[in-house]
Protein chains: 2
Amino acid sequence: MHNFDFHNPTRILFGDGQIERIGKLVPSEARVLVLYGGGSIRANGTFDAVMAALAGRTVFEFGGIEPNPTVETLSEAIALVRRERVDFLLAVGGGSVIDGTKFVAAGALLDADPWTILEQHAKNVRAALPIGVVLTLPATGSEMNAAAVITRKRTQEKFAFVSRTVYPQFAVLDPTRTYTLPARQVGNGVVDAFVHVMEQYMTVPAQAKVQDRFAEGLLLTLVEDGPRALAAPENYDVRANLMWTATLALNGLIGTGVPQDWSTHTIGHELTALYGLDHAQTLAIVLPSMLRVRRAAKREKLLQYAARVWDLRTGDEDARIEAAIGRTEDFFRAMGVGTKLSDYGLGRDAIPAVIAALEAHGMTRMGETGEVTLDVARAALEGAA
Amino acid sequence: MHNFDFHNPTRILFGDGQIERIGKLVPSEARVLVLYGGGSIRANGTFDAVMAALAGRTVFEFGGIEPNPTVETLSEAIALVRRERVDFLLAVGGGSVIDGTKFVAAGALLDADPWTILEQHAKNVRAALPIGVVLTLPATGSEMNAAAVITRKRTQEKFAFVSRTVYPQFAVLDPTRTYTLPARQVGNGVVDAFVHVMEQYMTVPAQAKVQDRFAEGLLLTLVEDGPRALAAPENYDVRANLMWTATLALNGLIGTGVPQDWSTHTIGHELTALYGLDHAQTLAIVLPSMLRVRRAAKREKLLQYAARVWDLRTGDEDARIEAAIGRTEDFFRAMGVGTKLSDYGLGRDAIPAVIAALEAHGMTRMGETGEVTLDVARAALEGAA
């Protein structure tokens, strides 16, 4: 196990009815900005529940944060925060809204172009406004971590930043608020959480038994309950297990003390930036093919994954590995997420631009050992054509 | 899954060499009290490493905190804190030292007899001095939780309290600092962590899949690496896995949203208070017998435990349950911890005093459903005679 420093200060309020507790957690004198996305929270009652809980406070609204939130949109929110002297941000939504809120929280206190946060890997971030979260879409884990991914539309760039200053103070996870999600978002969320776990687990071995078993426990839960969420959207226990799993998939816990890969995400970000695919779609395309390309380096963990997640424990080792990767693809497709570029109308001719973008962004040594070069990335994409 | 509120603010610094980072974490102007136990930390170099890291600060010492720390001893530390205007407490040791430090941290700021903290379940605790921890014995999880167990020698009473004010600010977990532990303490620590997990896991089912799988992951790690720590005391990975497992066994994570039992601990505390047995010895006596007595109520989880922890998946269900309990006893004995009262020179005549003490302390409806009455407790103890 590698040395590590783990410190996650976010408070989680989990369960049916917890939104009303926001009234105790947001300071009564706060000037609050409620940030959200496309407006589904207005249709399903979540917005009203949040507003009721905030009663008595000065509340502003900023809707329309898009999937893959852009600096162009978020700059308007930063202007609103400054103009109205907002001092508390409440994100109501999924990962895009939360990530966008983190960018606003840090950008509003920055005396520079906020895009420099991405360019400087948040080294110029000294402080951020306090953040609360009401999660409506289990997927990214952003509700309990210090990371955000932001896109610049103008230049078709998508980058992540990490800063301890943007850990949410609290996050409300109410599984009933996910009942009305469209199937596409449920499928994407499950695939996203699954690949988050894989980026931290499916690496070279590190003798970190607890992290491995926690990761496997999350994967098994996603495999069992993901399809059930599509089949029975109002099963509380299923929704609760998925919601808590997605949070734990990327709150730092399973990533402590182990090597991490993240090449699938890095390549996927370019696919989204260039071709507009959903984040989870890009992960479903890249991951299985990348596992095939890197099966030698990841052999020991692939066999462990085959055994513990897919119960493939006997027979030829290479056949077990291939079967485990195939089961992974089947699972993504069962969640409604295609695993080939062609599923999204893209051919091999889409690949060179991705490689060029990776090169332009300096992403030439990816993966847990740096061995995911541009050639390896190209091979992975060609395997998914 | 039940609703829950999870918020664990303790920072973990894990790995070889992390003690020196204390120098960055304890304020440079602090008046520090270093609390420890029997003095083994002086023999093995840990004390010197801590003192070197604290260089430049005003440092006081309080040694001699005993296993099952007593209010009688800790009151002297409280007097020292007040006399010397100490404003930071650094616990260097295992669960007893950390628990004692928590009591000192709260007691020093209390305008009343500190024992009232136990009598009032910490309802009278409003604040506590900041606490740091250097863990030398993986076992209790106290380094990353808000609980402490304190004994009053005069009245032979042992009680727990919980207060958010006593979460350690940080805990240093350096596996190399556990290499010199005596086998008895290693065995006790593994059994203690194992039973912590079982108190939160082996209950009536709650459809909390992640908590279940995390708990099983911790149990499997203890079963695999516990005996290896006895056989090869200086295997870093083994020590690291055990150390992180013991912390995660009782940092709140696996207990969120699920029913909890704790009757084994409650009965065990009386055995320690009356007869001086090590804490882990009392758990090894009570748990297996209690599982037999309550096998009907816990049937579903016992079968899950048999399958996932002991790989007992086929054959008669009752035989599987009995085999799983038997394997649990074998494991405790393999760690050098006897599972019968007679292993410690106690006969059936020791039981009535335990039942009387439980009754005197109002412990007449224990367990996750309150069904562990004094009769059930007696049956469990008689089964371990």
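For Met144(A), the part lying near chain B is the side chain, with the backbone staying farther off; criterion is any non-hydrogen pair under 4.5 Å. Both the backbone and the side chain of Leu220(B) come within less than 4.5 Å of a heavy atom of chain A. Heavy atoms of Asn8(B) lying under 4.5 Å from chain A belong exclusively to its backbone. At a 4.5 Å heavy-atom cutoff, the contact between Thr10(B) and chain A is made by backbone atoms alone.
Within the 4.5 Å cutoff, side-chain heavy atoms of Met243(A) are placed close to those of Phe14(A). Here the side chains of Pro9(A) and Arg164(A) are in contact, with some heavy-atom distance below 4.5 Å. Counting only heavy atoms from C-beta outward, the side chains of Val172(A) and Ile12(A) never approach each other to under 4.5 Å. Thr176(A) is not listed as a side-chain neighbour of Arg239(A), based on a closest heavy-atom distance of 4.5 Å or more.
Contact between Arg177(A) and Ala49(A) at its shortest, heavy atoms only, is NH2-CB, 3.8 Å. Pairing each heavy atom of Ala249(A) with each of Ala193(A), the nearest pair is CB-O, 3.8 Å. Annotation for Arg313(B) and Ala307(B): closest pair NH2-O, 3.2 Å, computed over non-hydrogen atoms. What you find for Ala30(A) and Phe88(A) is that their closest heavy atoms are CB-CB, 4.1 Å. Closest approach of Arg320(B) to Gly315(B), counting heavy atoms only: NH2-O, 2.8 Å. When all heavy atoms are compared, the tightest approach of Leu219(B) to Met198(B) is CD1-SD, 3.9 Å.
Between the Asn188(A) side chain and the Ala280(A) main chain, no donor and acceptor come within less than 3.5 Å of each other. The backbone N or O of Gln260(A) lies less than 3.5 Å from no partner atom in the side chain of Glu368(A), so there is not a single donor-acceptor pair. In this structure, the side chain of Lys298(B) does not engage the main chain of Val204(B) through any donor-acceptor pair within 3.5 Å. When atom types are taken as modelled, the side chain of Lys102(B) and the backbone of Tyr167(B) share no donor-acceptor pair closer than 3.5 angstrom. Asn145(B) places a side-chain N or O within donor-acceptor distance of the main-chain N or O of Leu250(B), the cut-off being under 3.5 Å.
Glu300(B) CD: 12 or fewer foreign heavy atoms inside a 6.0 Å radius.
With rounding to the nearest 0.5 angstrom, the CD atom of Glu224(B) is 10.5 Å from the CG atom of Leu242(B). Taken from CZ in Arg308(B) to CG in Leu303(B), the straight-line distance is 11.5 Å, to the nearest 0.5 Å.
Within residues 211-218 of chain A, the residues that have a heavy atom under 4.5 Å from a heavy atom of chain B are Gln211(A), Arg213(A), Phe214(A), Gly217(A), Leu218(A), listed by number. Of all residues in residues 226-237 of chain A, those placing a non-hydrogen atom less than 4.5 angstrom from a non-hydrogen atom of chain B are Arg228(A), Tyr236(A), Asp237(A). The interface of residues 17-26 of chain B with chain A, defined by heavy-atom distances below 4.5 Å, comprises Gln18(B), Arg21(B). Contacts from residues 125-142 of chain A to chain B, taken as heavy-atom pairs separated by less than 4.5 Å, involve no residues at all.
Counting heavy-atom pairs closer than 4.5 Å to chain A, the top residue among Leu13(B), Asn241(B), Thr221(B) is Asn241(B). The residue among Phe170(A), Phe4(A), Phe6(A) with the most heavy atom pairs within less than 4.5 Å of chain B is Phe4(A). Among Asp225(B), Thr256(B), Leu248(B), the residue making the largest number of heavy-atom pairs under 4.5 Å with chain A is Asp225(B).
Thr247(B) and Glu143(B) form a side-chain donor-acceptor contact under 3.5 Å, judged by distance and modelled atom types alone.
Using a 30° and 60° split on the angle between ring planes, Phe194(A) and Trp310(A) fall in the tilted class, from 30° to 60°.
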